[in-house]
Amino acid sequence: MAAADWASRFRPNLARRKVWGRIWFALFMLAIVVGLAGLVILVMRVLYQGAPWLSFHFLTDYPSRFPEQAGMRSAIFGSIWIIGLTGAFTVPVGVGAAVYLEEYAPKNWLTRIIEVNISNLAGVPSIVYGLLGLAVFVQLLAMGRSVLAGALTMSLLVLPVVIIASREAIRSVPSSHREAAYGLGATKFQVVKEIVVPQSIPGIMTGTILALSRAVGEAAPMIAISALVFLTFVPTDPLDKFTVMPIQIFNWVSRPQEGFRGIAAAGIIVLLVVLLTMNAVAVYIRNRTQRRSEE
Amino acid sequence: MLRGGSWDREPSHGASLLRSGRSAPTRGAATGRVVHLIFFLCALVSIITTVGIVLSLLIESLGFFREVSVWEFLTGTRWSPILRPRSYGVLPLVSGTLLVAFLALAVAVPCGLGIAIYLSEYAPDRVRRTLKPILEVLAGVPTVVYGYFALTFVTPQLQNIPLPMFRDLLVFNALSAGIVMGVMIIPMVSSLSEDAMVAVPRSLRQAAYALGATRIEVALRVVVPAAVSGIVASFILAFSRAIGETMLVTIAAGATPRLTLNPLESIQTMTAYIVQLALGEAPHGSLEFQTIFAVGLLLFMLTLLMNVLGHLVVRRVREEY
């Protein structure tokens with residue numbers, strides 16, 4: 001009796017529910033379109049505005065008060081300096097820290113603190129690193145507003161990323177390889193030096209290049225260190241003043257004259273090409289090693 | 001056997017290992033200890049960095065808080081550290097920061113969540129593997145580029161909207177910065193939420209299908225509620241990212257600290273203030289100079305709080321399954 005009553009009340013109403021399903025699906029598609037459209041319009045806009053201003057002299061000339069003569073030579077060289085030094089500082093320290101955490105670290109409170117700390121550092125806003133560099137490197141250690149201070153600041157900023165990527169690369173080395181080396185009587189350091197690190201080099205390189213490509217586009221901490229936007233010489237010494245590409249672009253964007261908008265877009269094209277190249281190299285290294293290990 | 005890499009040279013490796021192991025075991029042990037110490041010091045750099053951040057922010061702001069009370073700083077409603085009459089109430093900067101961050105979430109939450117549901121519940125594997133990296137590009141574009149985009153494209157488009165409220169939209173405004181920042185953090189929301197949804201056990205979905213649920217009902221009434229901690233965590237972490245974002249708001253949102261919730265006005269965020277002052281001529285050690293460390297300290301504490309909260313929520317979801 002009661003059961004029949006319930007059954008008569010049960011209306012699957014499948015048609016209406018399926019219509020709702022389709023409406024929601026359309027909304028999901030719309031969400032994807034918003035994301036993709038944002039990217040596409042951004043790139044088109046930059047290309048459209050910047051392409052007419054691109055020329056060879058734009059790469060080799062110094063900044064100027066006149067948009068027609070402005071170039072980003074000092075910014076390009078500044079970025080190369082910063083990236084070179086940052087790479088030189090972060091790779092040894094980052095790999096060392098990753099080796100320690102994966103191969104040596106005992107399971108205790110200190111190790112846990114280090115791990116939690118690294119993941120928290122990755123979430124600290126980049127401008128805060130700029131303040132750290134300003135207080136410690138520029139002032140306390142009296143490096144001034146130099147390339148060295150900038151590169152050290154940038155190193156601390158990308159270090160968590162390099163450590164996390166290196167740890168993943170080291171973790172993917174099969175433990176059988178380590179055990180085989182131990183079986184031959186190798187010491188721990190020999191296993192690290194001969195087995196673990198050589199096999200994780202591709203992964204470490206991929207992670208490092210991606211981290212450095214993030215550093216290339218990072219403007220905020222460099223502004224806090226350099227505070228310079230108009231520089232007409234190329235740094236030749238780690239203690240020279242410097243500017244970098246995103247700072248130069250920021251300077252051009254914030255000028256009211258229409259010509260500088262175009263120059264800014266041209267600078268963005270150069271910056272994006274550099275980033276794209278770095279990412280392509282990273283992906284290439286990753287794919288090549290993946291294919292090899294599948295053979 | 002693997003080809004390539006160090007294994008090509010395996011025999012000589014084995015020989016060299018044997019040789020050194022036999023000749024000087026004590027020297028090897030000493031080297032081991034030194035190397036162990038060096039690796040440990042590398043790991044310690046991250047701790048030193050954190051200590052350095054906290055100490056440098058605290059010490060520099062101490063000078064500031066000797067002149068201005070913490071209470072005045074945190075509750076004052078006028079921020080004018082350079083122009084007289086001077087006033088050091090940080091609330092206008094905080095309201096500007098939160099305004100832009102909430103506008104960004106208003107864009108990123110629906111879009112990111114929609115993308116995550118599609119990727120986790122609908123998309124075939126091939127589509128998923130192409131779509132994800134393309135969307136990740138959004139997070140890799142430098143933020144100066146977004147600032148340029150907001151200022152030279154989005155703001156003029158908004159000004160063209162034929163509504164009275166948009167007619168006198170300023171060149172610098174919170175709205176366009178918030179919208180563009182929202183697009184920028186979509187991949188943060190979508191990839192973290194998707195991870196949480198993928199982790200929902202398949203049996204839950206199958207049970208719902210067996211009861212006659214449609215696909216959308218499974219997605220919205222089973223998967224999303226089961227993954228809610230991870231989804232909320234993705235919102236919190238995206239929010240933290242939005243608070244700390246600097247160049248985009250410096251370029252597009254303006255430099256006028258104002259206590260307002262009106263997105264059509266020009267405002268200033270905490271990060272934009274730090275950049276503005278760092279570019280200026282304030283001499284080291286002056287009160288103006290110390291303000292950026294006080295603001296930086298507040299910013300650091302806010303983002304730290306958000307990140308810790310986000311990670312705590314993520315850990316809760318892991319314990320359930």
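First the proteins, then the strands, lettered A, B, ... as listed; each starts at 1.
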Could you report the tightest heavy-atom contact between B:Y118 and A:M29, atom names first, then the distance? CE1-CE, 3.0 Å
In terms of heavy-atom proximity below 4.5 Å to chain A, should B:V145 be classed as side chain, backbone, both, or neither? both
Compare every heavy atom of A:A219 with every heavy atom of B:M247, then report the nearest pair and how far apart it is. CG-CB, 3.6 Å
Residue A:V99 versus chain B: region with a heavy atom under 4.5 Å: side chain
For residues B:F39 and A:Y100, report the shortest heavy-atom separation together with the two atoms involved. O-CB, 3.5 Å
How far does CG of B:L138 sit from CG of A:L39, to the nearest 0.5 angstrom? 5.0 Å
Just so I understand: if I count every heavy-atom pair under 4.5 Å between each of A:G38, A:S213, A:G123, A:G130 and chain B, which residue has the most? A:G123
Atom group of A:F189 that falls short of 4.5 Å from chain B, counting heavy atoms: side chain
OG1 of B:T50 to CG of A:L156: how many Å apart, nearest 0.5 Å? 10.0 Å
Distance check, rounded to the nearest 0.5 Å: A:I41 atom CD1 versus B:Q157 atom CD? 8.5 Å
Best-contacting candidate, B:L55, B:V308, B:I186, B:I53, against chain A by heavy atom pairs under 4.5 angstrom: B:I53
Go through B:I243, B:V107, B:L131, B:V180 and name the one with the most non-hydrogen pairs under 4.5 angstrom from chain A. B:L131
Partner chain B: residue of A:L131, A:I268, A:V46, A:L272 with the largest heavy-atom pair count (under 4.5 Å): A:L131
Heaviest contributor of heavy-atom pairs below 4.5 Å to chain A, chosen from B:P142, B:G244, B:G112, is B:P142
Show, in sequence, the C-alpha distance, side-chain angles and deciding distance for A:F25 and B:Y122, and conclude whether the ring pair (Phe, Tyr, Trp, His ring centres under 6.0 Å) test is met. CA-CA 9 Å; A:F25 186 75; B:Y122 289 83; 5.1 Å; yes
Is the shortest side-chain heavy-atom distance between A:W20 and B:T214 below 4.5 Å? no
Mind checking the CD1-CG spacing from B:I117 to A:L27? Nearest 0.5 Å is all I need. 10.0 Å
Counting only heavy atoms closer than 4.5 Å, note whether B:L41 contacts chain A via side chain, backbone, both or neither. neither
Can you say whether B:T152 sits under 4.5 Å from chain A via the side chain, the backbone, both, or neither, judging by heavy atoms? both
Let's go through A:N120 and B:H311 carefully: what are the C-alpha distance in whole Å and the side-chain angles of both, what is the deciding distance for side chain to side chain contact (heavy atoms under 4.5 Å, CB included) to 0.1 Å, and is it a yes or a no? CA-CA 9 Å; A:N120 270 328; B:H311 287 297; 4.3 Å; yes
From CA spacing to verdict: side chain to side chain contact (heavy atoms under 4.5 Å, CB included), A:Q49, B:Y148: CA-CA 11 Å; A:Q49 268 215 325; B:Y148 160 87; 2.5 Å; yes
Check whether A:I201 gets within reach of chain B through its side chain, its backbone, both or neither, counting any heavy atom under 4.5 Å. neither
Are the side chains of B:I251 and A:F250 in contact, using a 4.5 Å heavy-atom criterion? yes
The interface call for A:L140 against chain B, heavy-atom contacts under 4.5 Å, is neither
Out of A:Q139, A:K188, A:R214, A:K18, return the one with the most heavy atom pairs under 4.5 angstrom to chain B. A:Q139
Using a 4.5 angstrom heavy-atom cutoff, name the option from B:T303, B:V171, B:V183 with the most pairs to chain A. B:T303
Compare every heavy atom of B:C42 with every heavy atom of A:G96, then report the nearest pair and how far apart it is. C-CB, 3.7 Å
Partner chain B: residue of A:L110, A:I163, A:L134, A:V95 with the largest heavy-atom pair count (under 4.5 Å): A:L134
Most heavy-atom pairs under 4.5 angstrom with chain A, which of B:R215, B:M184, B:H36, B:E60? B:H36
Which region of B:F289, side chain (C-beta onward) or backbone (N, CA, C, O), has a non-hydrogen atom less than 4.5 Å from a non-hydrogen atom of chain A, or is it both or neither? side chain
Toward chain A, the part of B:I47 with a non-hydrogen atom under 4.5 Å: both
Is there side-chain contact between A:V253 and B:V144, with heavy atoms separated by less than 4.5 Å? no
With a 4.5 angstrom heavy-atom cut-off, could you sort out which part of A:L275 is near chain B: side chain, backbone, both or neither? side chain
Using heavy-atom distances under 4.5 Å, tell me whether A:P202 contacts chain B through its side chain, its backbone, both, or neither. neither
Mind listing the closest non-hydrogen atom pair of B:I216 and A:G21 along with its distance? CG2-CA, 3.4 Å
Could you go through the side chain to side chain contact (heavy atoms under 4.5 Å, CB included) check for A:L36 and B:L135 one step at a time? CA-CA 7 Å; A:L36 293 183; B:L135 287 168; 4.1 Å; yes
Is there a side chain to side chain contact (heavy atoms under 4.5 Å, CB included) between A:L132 and B:T49? Walk through the geometry before answering. CA-CA 9 Å; A:L132 167 73; B:T49 308; 4.2 Å; yes
Rounded at 0.5 Å granularity, tell me how far OG in B:S46 sits from CG in A:L121. 6.0 Å
Count the heavy-atom pairs under 4.5 Å between each of B:T271, B:T250, B:I274 and chain A, then report the option with the highest count. B:I274
Search all heavy atoms of B:F153 against all heavy atoms of A:R45 and return the closest pair with its distance. CD1-CD, 3.6 Å
Interatomic distance, CZ@A:F137 vs OG@B:S56, rounded to 0.5 Å, equals 10.0 Å
Within-4.5 Å side-chain heavy-atom neighbours: A:R261 and B:L151: yes
Please look at B:E217 and chain A and tell me whether the side chain, the backbone, both or neither of the residue comes under 4.5 angstrom of a heavy atom of that chain. side chain
